[in-house]
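Below you'll find the structure, written out as structure tokens, and then a few comments.
Count residues from 1 along the sequence.
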Amino acid sequence: MQENEQDQEHFKRELGLLDGTMLVVGSMIGSGIFIVSADIARQVGSAGWLTLIWLISGLITIIAAVSYGELSAMFPKAGGQYVYLKEAYNKLIAFLYGWSFFAVIQTGTIAAVGVAFSKFAAYLYEPLSDENILFELGSFKLNAAQLVSIFTIILLTYINSRGVKNGKILQTVLTIIKILSLLGLIVFGLTLAAKASIWDANWADAWTTRSYNAESGSWLPISGTALITGISAAMVGSLFSSDAWNGVTFIAGEIKNPKRNVGFSLFLGTFIVTIIYVLTNLMYLAVIPLDEIATAKSDRVAVVASQYIFGNIGTLIIAVMIMISTFACNNGLIMAGARVYYTMAKDGLFFKKAAVLNESSVPEWALWAQCIWASALCLTGKYGDLLDFVIIIVLIFYILTIYGIFILRKKMPDAERPYKAFGYPFLPMLYIITATAICISLLLTKFSTCGWGVLIMLTGIPVYYLTKPKEN
């Protein structure tokens, strides 16, 4: 315990409630809300289900976030979820989380968000697109978009290596711009481009489920197993778009009054994002016929909406919005991720150098290690699969962490709990049941990618036992 107290003296507590909330919002809103609705519309084929899937994803995210409030108040130190798992279970489970976090979860998300940034940068300047191949060697192709995404990851890592204050200012400013621009898009959409005829047509048979067949360009009615498959496939996108809210727990060591502010920023952040996401989708449904949402080119629903609202310049407006959005998103992910490797290294479960803070009181070595691996993932070109890899592991560890609340209530009944999980035991248990059902259906319907995610996680077991004796 003494060691953790010393760590806290090295980290500077420079982040307030606004900064914490902006980190949650900024890390959650990436590019998903601008593109994911197309895939959801294809899977379920109705306005009611499209809205409901975003709402359910938002509500279970809020339940998870307010459940984490109890854990964040009990253990208000750097490392967040990794620390909660270690305290509730053991070092092996915590290591498997950290291993998956470094191998796929955080770095894979950083790579995917970096690629989304470069995709939309190509709208402003064509040579930056992924079609501009710069180098070929056998089956490996290096394109301009990959270089742009790697450049942004390196730039943000450098900014964050110079101290938490730089990352904080960038995060708060960009996130406020992002929230205002999304709200602007919703307001302009509903006032300038909304048509009662489109809205009425979209909601005419709001609960009739059907799936879109791209080959024939037609809709097929679905029910039973096919409907469950469609809903779980659709939820990958909305859950991924609502993820990364837990980043604020990783930097608890740098938050003022963490026992109050971490839990409060988790609730405020997830609540704000859920409202924005649902309103954005209602705006899409007021502006674009459902068929066009489902068949938007490259799934870019927001671009279609923006063209309806602003005409030809709409594409550029959205491109700039998404670039700001993904840049802020990656800043939050990069800032938070390194704190997990720092805490693991302190426990002897990661490279020793990751446990060192530089003169700016940030884990610089951990930041650069994360940067190198995320950049390597950008080169694989398999970011679509990465999302499936990521979401299954993320959900498994959310389930374990929230079940950890039940374990810790028995294990440490007298521990100080400045904040108790809202709706305990019902809401945390509701989250566990819902997330488990989603995991099972994902494994059944997307085994080829989700199975790999689980395998990557399990390969951490031999790694743990092979490296453990050397560390002790």
Side-chain angles (χ1 to χ4, degrees), residues 11-34 78 80 106-107 109-118 120-121 124 148-184 243-256 261-262 265-266 268-269 272-273 276 319-340 342 357-364 366-368 370-371 374-375 378:
F11 276 124
K12 290 180 183 168
R13 293 201 182 274
E14 292 188 341
L15 307 171
L17 178 63
L18 174 69
D19 303 311
T21 306
M22 290 301 106
L23 180 72
V24 176
V25 174
S27 300
M28 284 176 76
I29 305 175
S31 58
I33 187 59
F34 301 99
Q106 200 75 350
T107 47
T109 307
I110 290 167
V113 172
V115 168
F117 175 90
S118 58
F120 286 89
L124 305 184
V148 172
S149 44
I150 290 169
F151 172 75
T152 60
I153 293 168
I154 292 171
L155 175 65
L156 286 167
T157 301
Y158 174 75
I159 291 169
N160 278 285
S161 73
R162 305 269 53 86
V164 76
K165 208 171 212 169
N166 299 333
K168 162 190 114 164
I169 294 165
L170 185 65
Q171 188 68 26
T172 301
V173 170
L174 288 178
T175 303
I176 289 169
I177 293 170
K178 183 185 334 195
I179 294 170
L180 292 175
S181 56
L182 262 170
L183 289 174
D243 192 35
W245 49 267
N246 57 342
V248 73
T249 69
F250 306 144
I251 59 159
E254 290 142 287
I255 288 189
K256 299 167 192 165
N261 286 344
V262 174
S265 58
L266 279 167
L268 285 175
I272 290 166
V273 172
I276 289 174
V320 171
M321 271 178 70
I322 294 181
M323 285 170 70
I324 292 169
S325 183
T326 47
F327 200 72
C329 181
N330 253 355
N331 183 61
L333 293 169
I334 288 166
M335 183 198 295
R339 274 62 180 175
V340 177
Y342 166 85
L357 298 180
N358 68 5
E359 66 281 0
S360 305
S361 302
V362 291
E364 185 175 7
L367 277 163
W368 286 111
Q370 173 182 260
C371 170
S375 299
C378 287

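Separating the CG atom in Asn331 from the OG1 atom in Thr326 is a distance of 11.5 Å, to the nearest 0.5 Å. The CE atom of Met323 sits 9.5 Å away from the OG atom of Ser118 when rounded to the nearest 0.5 Å. To the nearest 0.5 angstrom, Ile176 atom CD1 is 10.5 Å from Gln171 atom CD. The structure places SG of Cys371 at 7.0 Å from CD1 of Ile334, a figure rounded to the nearest 0.5 Å. Atom CG of Asn261 and atom CD1 of Ile255 lie 7.0 Å apart (nearest 0.5 Å). A distance of 5.5 Å separates CD1 of Ile324 from CD1 of Ile177, quoted to the nearest 0.5 Å.
Pairing each heavy atom of Thr172 with each of Met22, the nearest pair is CG2-CG, 3.9 Å. The two residues Phe11 and Ser361 have their closest heavy-atom pair at CD2-O, 3.7 Å. When all heavy atoms of Gly30 and Ser325 are compared, the closest pair comes out as O-OG, 2.7 Å. In terms of heavy atoms, Glu14 sits closest to Lys256 at C-CE, 3.9 Å. Summarising the geometry of Ser27 relative to Leu333, their closest heavy-atom pair is OG-N, 4.1 Å, with the distance given to 0.1 Å. Met335 and Leu23 make their closest contact through SD-CD1, 4.2 Å (heavy atoms, listed as atom of the first residue, atom of the second, distance).
Side-chain atoms of Tyr158 and Ile153, non-hydrogen and from C-beta on, never get closer than 4.5 Å to each other. The side-chain heavy atoms of Val164 and Ile251, taken from C-beta on, include no pair separated by under 4.5 Å. Using a 4.5 Å heavy-atom cutoff, the side chains of Ile276 and Ile33 are not in contact.
Between Glu254 and Lys168 there is no salt bridge, since none of the side-chain N atoms of the basic residue sits less than 4.0 Å from a carboxylate O of the acidic one.
For Lys178 (side chain) and Ile29 (main-chain N/O), a donor-acceptor pair under 3.5 Å exists by modelled atom type. The backbone N or O of Ile110 sits less than 3.5 Å from a side-chain atom of Asn330, completing a donor-acceptor pair.
Exactly one residue among Val24, Asp19, Leu17 makes a side chain to side chain contact (heavy atoms under 4.5 Å, CB included) with Thr21. That residue is Leu17.
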Go through it in stages, so that I can follow the logic: the residues are Val362 and Arg162, the test is side-chain contact (heavy atoms from CB on, under 4.5 Å), and I'd like the CA-CA distance, side-chain angles, deciding distance and then a yes or no.
CA-CA 8 Å; Val362 291; Arg162 305 269 53 86; over 6 Å; no
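Ring-plane geometry between Phe117 and Phe327 is classed as tilted, the angle between the planes lying from 30 to 60 degrees on a 0 to 90 degree scale.
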